[in-house]
Engineer: 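Have a look at this one before I ask anything.
Since the structure is predicted, the reported quantities are computational estimates derived from the model, not experimental observations.
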Amino acid sequence: QVQLVESGGGLVQAGASLRLSCAASGRTFSNYVMGWFRQAPGKEREFVATINRSGGSTYYTDSVKGRFTISRDNAKNTVYLEMNSLKPEDTAVYYCARSRLSAIRTNPGEYDYWGQGTQVTVSS
């Protein structure tokens with residue numbers, strides 16, 4: 001059973017930075033594409049960023065390009081989301097997820113394991 005545990009969320013002011021972490025259990029972390037998603041109250045879960053197995057390829061939703069950076073440390077079974085210049089519209093519960101497919105993916109339906117989420121609140 002794979003477990004994903006997010007941490008690093010919190011309440012910050014607009015313009016601040018946060019770094020989210022997602023620690024994965026298991027010995028095959030490097031075999032899987034990882035992604036970050038978010039869900040704001042009353043809205044559907046949306047794609048934020050994804051990274052391939054080696055960490056050499058990433059992809060972001062347009063609204064976070066240039067502000068967020070996804071990375072991974074396969075030796076530590078951990079994926080990160082560095083968030084800079086945060087805006088109130090970034091407020092959401094952030095989830096990390098593992099994809100069962102080999103290439104980077106943006107559809108949440110193509111991810112099979114999810115963490116419990118961490119709250120990020122950005123005040124104006």
Engineer: Might you work through the side chain to side chain contact (heavy atoms under 4.5 Å, CB included) test for R38 and E46, ending with a clear yes or no?
Structural biologist: CA-CA 5 Å; R38 65 188 180 186; E46 66 169 350; 2.6 Å; yes
Engineer: Applying side chain to side chain contact (heavy atoms under 4.5 Å, CB included) to R53 and S102, what does each step give before you reach the verdict?
Structural biologist: CA-CA 8 Å; R53 292 174 290 184; S102 60; 4.1 Å; yes
Engineer: Check Q1 against S25 and note the closest heavy-atom contact, atom names and distance.
Structural biologist: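 Nearest heavy atoms, Q1 then S25: O-OG, 3.6 Å.
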Engineer: With clusters defined by side-chain heavy atoms of hydrophobic residues (ILVMFWY) lying less than 4.5 Å apart, directly or transitively, does Y60 cluster with V48?
Structural biologist: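 Yes, same cluster.
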Engineer: Would you say that Q13 contacts L86 through its side chain, given a criterion of any heavy-atom pair below 4.5 Å between the two side chains?
Structural biologist: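 Q13 vs L86: side chains apart.
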Engineer: With a 4.5 Å cut-off on side-chain heavy-atom distances among I, L, V, M, F, W and Y, is there a chain of contacts connecting L20 to F37?
Structural biologist: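 No.
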Engineer: Applying the 4.5 Å side-chain criterion to the ILVMFWY set and letting contacts propagate, would L101 and Y113 be lumped into a single cluster?
Structural biologist: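 No, it is not one cluster - the side chains of L101 and Y113 are not joined through contacts under 4.5 Å.
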Engineer: Would you mind reporting whether I104 and I51 have side-chain heavy atoms less than 4.5 Å apart?
Structural biologist: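 Not touching, per the 4.5 Å side-chain cut-off.
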Engineer: So, do T121 and V12 sit near enough that their side-chain heavy atoms are less than 4.5 Å apart?
Structural biologist: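 A side-chain contact under 4.5 Å is absent here.
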Engineer: According to a hydrophobic-cluster definition based on side-chain heavy atoms being under 4.5 Å apart (Ile, Leu, Val, Met, Phe, Trp, Tyr only), do L81 and Y59 belong together?
Structural biologist: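 Different clusters: L81 never reaches Y59 through Ile, Leu, Val, Met, Phe, Trp or Tyr contacts under 4.5 Å.
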Engineer: Does a side-chain heavy-atom distance below 4.5 Å link R19 with Y80?
Structural biologist: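 A side-chain contact exists here, since the closest heavy-atom pair is under 4.5 Å.
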Engineer: Parallel under 30°, tilted from 30 to 60°, perpendicular over 60°: which one fits the rings of F68 and Y94?
Structural biologist: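 If you compare the ring of F68 with that of Y94, the planes turn out tilted.
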Engineer: Starting at OG1 of T69, measure out to CG of N84 and round the result to the nearest 0.5 Å.
Structural biologist: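 Answer rounded to 0.5 Å: 6.5 Å.
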Engineer: Surrounding NZ of K43 (heavy atoms of other residues, nucleotides or ligands, distance under 6.0 Å), is the total greater than 12?
Structural biologist: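 At most 12 heavy atoms, drawn from other residues, nucleotides or ligands, come within 6.0 Å of this atom.
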Engineer: Centre of Y32's six-membered ring, under 6.0 Å away, within 45 degrees of the axis: is that where NZ or CZ of R100 sits?
Structural biologist: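 Verdict for Y32: no cation-pi partner in R100.
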Engineer: Using a 6.0 Å distance limit plus a 45 degree cone around the ring axis, check whether R98 lies over the aromatic ring of F29.
Structural biologist: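 No, R98 does not sit over the ring of F29.
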Engineer: Which atom pair, heavy atoms only, marks the closest approach of S99 to Y111?
Structural biologist: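 So the two residues come closest at N-CD2, 3.4 Å.
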Engineer: Can you tell if the side chain of T50 reaches within under 4.5 Å of the side chain of T58, non-hydrogen atoms only?
Structural biologist: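 A side-chain contact is absent here, since even the closest heavy-atom pair is not under 4.5 Å.
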Engineer: Given V120 and M83, is the side chain to side chain contact (heavy atoms under 4.5 Å, CB included) satisfied, shown in steps?
Structural biologist: CA-CA 10 Å; V120 172; M83 306 186 294; 3.9 Å; yes
Engineer: Between T78 (side chain only) and K76 (backbone N and O only), is there a donor and an acceptor less than 3.5 Å apart?
Structural biologist: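 Between the backbone of K76 and the side chain of T78 there is a qualifying donor-acceptor contact (under 3.5 Å).
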Engineer: Contact between D90 and R67 at the side-chain level, heavy atoms closer than 4.5 Å - yes or no?
Structural biologist: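 Yes, at least one pair of side-chain atoms sits under 4.5 Å.
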Engineer: Any side-chain heavy atom of Q116 within less than 4.5 Å of one from E6?
Structural biologist: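 Answer yes - side chains close enough.
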Engineer: Can you measure from OG (S30) to CG (N52) and round to the nearest 0.5 angstrom?
Structural biologist: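 With rounding to 0.5 Å, OG (S30) is 11.5 Å from CG (N52).
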Engineer: For a quick test of reading the model, state the closest non-hydrogen atom pair linking V79 to C96 and the distance between them.
Structural biologist: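 Heavy atoms of V79 and C96 come nearest at CG1-CB, 4.4 Å.
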Engineer: State the CZ-OG distance between R72 and S21, to the nearest 0.5 angstrom.
Structural biologist: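 R72 atom CZ to S21 atom OG measures 13.5 Å (nearest 0.5 Å).
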Engineer: With side chains defined as the heavy atoms from C-beta onward, is the minimum distance between Q119 and T91 less than 4.5 Å?
Structural biologist: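 Heavy-atom side-chain distance check passes, below 4.5 Å.
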Engineer: Mind listing the closest non-hydrogen atom pair of S124 and P88 along with its distance?
Structural biologist: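 What the structure gives for the nearest pair is CB-CG, 3.8 Å.
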Engineer: Count I, L, V, M, F, W, Y as connected when their side-chain heavy atoms are under 4.5 Å apart, and connections chain through other members. Are L4 and Y95 then in the same cluster?
Structural biologist: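 Unlinked, L4 and Y95 end up in two clusters.
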Engineer: Is the number of heavy atoms from other residues, nucleotides or ligands under 6.0 Å of E89 CD greater than 12?
Structural biologist: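 More than 12 heavy atoms, drawn from other residues, nucleotides or ligands, come within 6.0 Å of this atom.
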Engineer: For the residue pair R45 and W114, would you count it as a cation-pi contact if the rule is NZ or CZ under 6.0 angstrom from the ring centre and within 45 degrees of the ring axis?
Structural biologist: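 The answer is yes; both the distance and angle limits are met.
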